[in-house]
Amino acid sequence: MIRDAAPADHAPIRAVLLAAFPTPDEADLVERLRADGDAMVELVIEDAGAIVGHILFSPLPIERAGAITNAAALAPVSVLPSHQHRGLGASLVRAGIDICRACGCAAVVVLGHPAYYPRFGFAPEAAKALDAPFSGQAFMALELVPNALKGGGKVRYARAFGL
Ligand SMILES: CC(C)(COP(=O)(O)OP(=O)(O)OC[C@H]1O[C@@H](n2cnc3c(N)ncnc32)[C@H](O)[C@@H]1OP(=O)(O)O)[C@@H](O)C(=O)NCCC(=O)NCCS
């Protein structure tokens with residue numbers, strides 16, 4: 001079951017993040033994003049009533065010629081090691097993208113493994129025109145509005161990323 005994260009979930013979410021990542025950096029990032037009001041979309045996935053996966057999207061305004069395109073940054077996504085390779089991560093990514101689309105986001109941007117995210121439609125080519133702190137094959141975007149990123153623009157990551 002996938003649902004919105006609630007305040008009572010914060011401790012079990014931290015446990016998932018600590019188990020999934022080698023350092024507490026991502027767990028700390030999630031807490032800073034929440035504290036700043038930048039947890040735009042935050043979902044959990046449950047198995048037998050326990051939280052086993054989590055995903056967060058934060059606002060990513062893209063500025064070009066004085067206009068702003070509303071996009072989202074996907075980071076981080078995690079699934080407990082004991083529950084990986086069962087499609088839970090993919091379900092979280094797809095559910096989150098659907099909500100971002102419904103919220104009017106024109107695009108989603110991710111810095112992630114080039115072998116994982118293309119299955120959801122992310123491509124490095126879509127992010128190429130962006131003026132961002134990242135580049136290369138791991139920096140990918142998914143346009144939810146056709147050609148939303150074609151003209152480029154400067155991306156503004158949420159403060160918690162410290163970029
Ligand atoms: C990435 C992650 C969320 C995927 O969750 P999941 O539930 O295992 O994902 P799915 O079952 O939907 O997909 C599994 C597929 O993802 C791919 N995959 C998972 N992690 C990957 C990685 N680090 N690099 C490349 N591919 C990866 C594999 O192709 C895998 O396929 P397989 O099952 O045939 O081996 C999970 O592996 C995880 O929590 N990893 C640690 C945290 C992390 O690195 N998060 C992503 C960066 S923000």
Side-chain angles (χ1 to χ4, degrees), residues 1-6 9-62 70-101 103 105 107-128 130 132-144 149 155-163:
M1 188 184 101
I2 294 181
R3 59 171 177 78
D4 286 331
D9 302 326
H10 291 177
I13 289 171
R14 185 170 178 87
V16 170
L17 286 155
L18 291 176
F21 288 98
T23 74
D25 290 354
E26 283 77 9
D28 294 344
L29 170 66
V30 163
E31 286 172 10
R32 287 197 306 274
L33 284 164
R34 275 194 209 120
D36 289 347
D38 286 329
M40 185 171 72
V41 177
E42 186 176 10
L43 304 175
V44 293
I45 191 162
E46 291 182 342
D47 180 41
I51 291 174
V52 296
H54 168 263
I55 194 166
L56 194 149
F57 296 78
S58 52
L60 187 81
I62 302 174
N70 291 315
L74 188 179
V77 55
S78 57
V79 171
L80 278 183
S82 56
H83 287 69
Q84 292 177 5
H85 305 297
R86 296 187 201 169
L88 303 187
S91 301
L92 282 167
V93 172
R94 292 201 172 96
I97 290 170
D98 285 347
I99 295 173
C100 288
R101 185 185 284 109
C103 291
C105 281
V108 180
V109 168
V110 69
L111 182 72
H113 202 285
Y116 188 57
Y117 292 95
R119 69 192 69 184
F120 310 109
F122 287 93
E125 294 74 25
K128 217 166 190 151
L130 295 173
F134 310 109
S135 61
Q137 293 300 300
F139 184 56
M140 294 170 269
L142 167 66
E143 290 178 334
L144 303 178
L149 304 181
V155 305
R156 300 263 181 225
Y157 276 86
R159 188 176 68 156
F161 287 95
L163 294 167

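Just so you know, ligand 1 is whichever comes first in the structure, and atom 1 is the first atom listed for that ligand. Position 1 is the first residue of the sequence; numbering continues from there.
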Is [atom] less than 4.0 angstrom from at least one protein heavy atom?
{"atom": "atom 41 (C) of ligand 1", "value": "yes"}
{"atom": "atom 34 (O) of ligand 1", "value": "no"}
{"atom": "atom 38 (C) of ligand 1", "value": "yes"}
{"atom": "atom 24 (N) of ligand 1", "value": "yes"}

Protein contact of [atom] - nearest heavy atom, named by residue and atom, plus distance:
{"atom": "atom 45 (N) of ligand 1", "answer": "V77 O, 2.9 Å"}
{"atom": "atom 7 (O) of ligand 1", "answer": "G89 N, 2.8 Å"}
{"atom": "atom 13 (O) of ligand 1", "answer": "Y116 CE1, 3.5 Å"}

Do ligand 1 and [X] have nitrogen or oxygen atoms that lie under 3.5 Å from each other?
{"X": "V79", "value": "yes"}
{"X": "G87", "value": "yes"}
{"X": "R119", "value": "yes"}
{"X": "P76", "value": "no"}

[X] side chain to [Y] main-chain N or O, any donor-acceptor pair under 3.5 Å?
{"X": "E143", "Y": "L149", "result": "yes"}
{"X": "R94", "Y": "S91", "result": "no"}
{"X": "D28", "Y": "D25", "result": "no"}
{"X": "Q84", "Y": "V79", "result": "yes"}

Kindly indicate, with the supporting measurements, whether the criterion side chain to side chain contact (heavy atoms under 4.5 Å, CB included) is fulfilled by L92 and L88.
-> CA-CA 6 Å; L92 282 167; L88 303 187; 5.5 Å; no

Specify side chain, backbone, both or neither for E26, according to which of its non-hydrogen atoms lie closer than 4.0 Å to ligand 1.
->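 No part of E26 comes within reach of ligand 1.
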
Honestly, for R94 the part within reach of ligand 1 (heavy atoms, under 4.0 Å) is neither

Inter-residue atom distance L29.CG - S58.OG, 0.5 Å rounding | 7.5 Å

Reported CD-to-OG distance for the pair E26 and S78, which is rounded to 0.5 angstrom |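 Between atom CD of E26 and atom OG of S78 there are 8.5 Å.
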
Looking at [X], which atoms of ligand 1 are within less than 4.0 Å of one of its heavy atoms?
{"X": "F21", "value": "42 (C), 43 (C), 44 (O), 45 (N), 48 (S)"}
{"X": "A20", "value": "39 (O), 41 (C), 42 (C)"}
{"X": "H113", "value": "24 (N), 25 (C)"}
{"X": "A90", "value": "12 (O)"}

Hey, is CZ on R159 packed in by over 12 heavy atoms from elsewhere, all under 6.0 Å?
-> no

Can you list the steps and then say if I13 with R34 is a side chain to side chain contact (heavy atoms under 4.5 Å, CB included)?
-> CA-CA 12 Å; I13 289 171; R34 275 194 209 120; 3.7 Å; yes

Name the option, out of H85, R86, H83, that contains the heavy atom nearest to atom 14 (C) of ligand 1.
-> H85

Using a 4.5 Å cut-off on heavy atoms from C-beta on, say whether the side chain of L56 contacts that of L33.
->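 Side-chain contact under 4.5 Å: yes.
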
When the ring planes of F122 and Y117 are compared, do they come out parallel, tilted or perpendicular, using 30° and 60° as the limits?
-> perpendicular

